[in-house]
Amino acid sequence: MGTGTDGAIGDWREDVLGEGFECRDLALGEDEQGPLVATLVRSVPARPRLWDRILHRRRPLEGVDVLYVHGWSDYFFQRCLAEFWTDRGARFFALDLRKYGRSLREGQTPGYVENLDDYDIEIGLAVEEIRGAGAIGAWCCSGTRRAD
């Protein structure tokens with residue numbers, strides 16, 4: 001389990017996936033291998049078309065927030081998954097857990113964690129960050145549970 005101050009580090013920045021994606025690191029303290037971070041990635045839906053706004057047409061998932069948490073030995077890189085949700089009006093977030101993908105730091109053992117409960121910290125921080133961004137609630141796709 002990490003020690004130290006937990007929370008967001010810095011501002012949102014452009015993600016490696018390019019246009020339409022931003023990311024932000026979440027501080028998790030450190031362990032014997034050094035500083036720990038999780039990385040929250042976001043993609044927000046495009047503004048509704050003019051006629052849809054004039055006619056007050058809503059996309060089916062407008063106001064819904066999706067939080068995708070990757071599986072074992074994985075990380076988030078699936079642009080099409082994010083686009084599936086944002087095309088329907090949802091705000092999409094993905095979390096690269098500690099020592100995976102964008103969160104892996106030099107000298108760390110990829111994916112190593114002693115206790116799966118440690119992931120509760122970064123999932124909780126991600127949900128807080130999503131709520132702080134004006135989100136209503138969050139869906140964890142891998143667990144299909146609503147967190148509000």
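From a predicted model like this one, the values you see are computed outputs, not experimental measurements. Note that these values count all heavy atoms, side chains included, but never hydrogens, waters or copies made by symmetry.
For the pair E129 (side chain) and L40 (backbone), a donor-acceptor distance under 3.5 Å is absent. Under the 3.5 Å distance criterion, the side-chain polar atoms of E62 are left unmatched by any main-chain donor or acceptor of R88. Between the side chain of R79 and the backbone N or O of E83 there is no donor-acceptor pair closer than 3.5 Å. In terms of modelled atom types and a separation under 3.5 Å, the side chain of T86 and the main chain of A82 share a donor-acceptor contact. Under a 3.5 Å cut-off, the side chain of H70 and the backbone N or O of L97 do form a donor-acceptor pair. Between the side chain of S103 and the main chain of T39, a donor-acceptor pair closer than 3.5 Å is present.
In the hydrophobic clustering of this structure, Y112 does not group with L36; members are Ile, Leu, Val, Met, Phe, Trp, Tyr whose side-chain heavy atoms approach within less than 4.5 Å, directly or through other members. Transitive grouping of hydrophobic side chains (ILVMFWY, heavy atoms separated by less than 4.5 Å) keeps F77 and F93 in distinct clusters. There is no path of hydrophobic side-chain contacts, each under 4.5 Å, that joins V37 to V16.
Other residues, nucleotides and ligands contribute over 12 non-hydrogen atoms within 6.0 Å of the CD atom of E32. For N115, the CG atom sits in a packed shell: over 12 heavy atoms of surrounding residues, nucleotides or ligands are nearer than 6.0 Å.
Electrostatic pairing of D31 and K99 counts as a salt bridge here, judged by a charged N lying under 4.0 Å from a carboxylate O. Under the 4.0 Å criterion applied to side-chain N and carboxylate O atoms, R105 and D25 are assigned as salt-bridge partners.
Atom CD of residue Q78 and atom CG of residue L17 lie 9.0 Å apart, to the nearest 0.5 angstrom. Distance check: Y75 OH to L95 CG gives 15.0 Å after rounding to the nearest 0.5 Å. Here the straight-line distance linking atom CG of D96 with atom CG of L104 works out to 10.0 Å at 0.5 Å rounding. The distance from atom CH2 of W85 to atom CG of L67, rounded to the nearest 0.5 Å, is 11.5 Å. In this structure, CD in E122 is found 4.0 Å from CZ in R98, a value given to the nearest 0.5 Å.
Relative to the ring axis of Y100, R102 does not place its NZ or CZ within 45° and under 6.0 Å from the centre.
Applying the side-chain hydrogen bond (donor to acceptor under 3.5 Å, both in side chains) rule to S43 yields no partners; only residues at least two apart in sequence or on another chain are considered. Residues passing the salt bridge (Lys or Arg N to Asp or Glu O under 4.0 Å) test with E14: none are found, sequence neighbours excluded.
Counting only heavy atoms from C-beta outward, the side chains of R42 and W12 approach each other to under 4.5 Å. Put simply, the side chain of V44 reaches to within 4.5 Å of the side chain of R91, judged on heavy atoms.
When all heavy atoms are compared, the tightest approach of A38 to L28 is N-CD1, 3.6 Å.
The six-membered or imidazole ring of F92 lies near that of F76, with a centre-to-centre distance under 6.0 Å.
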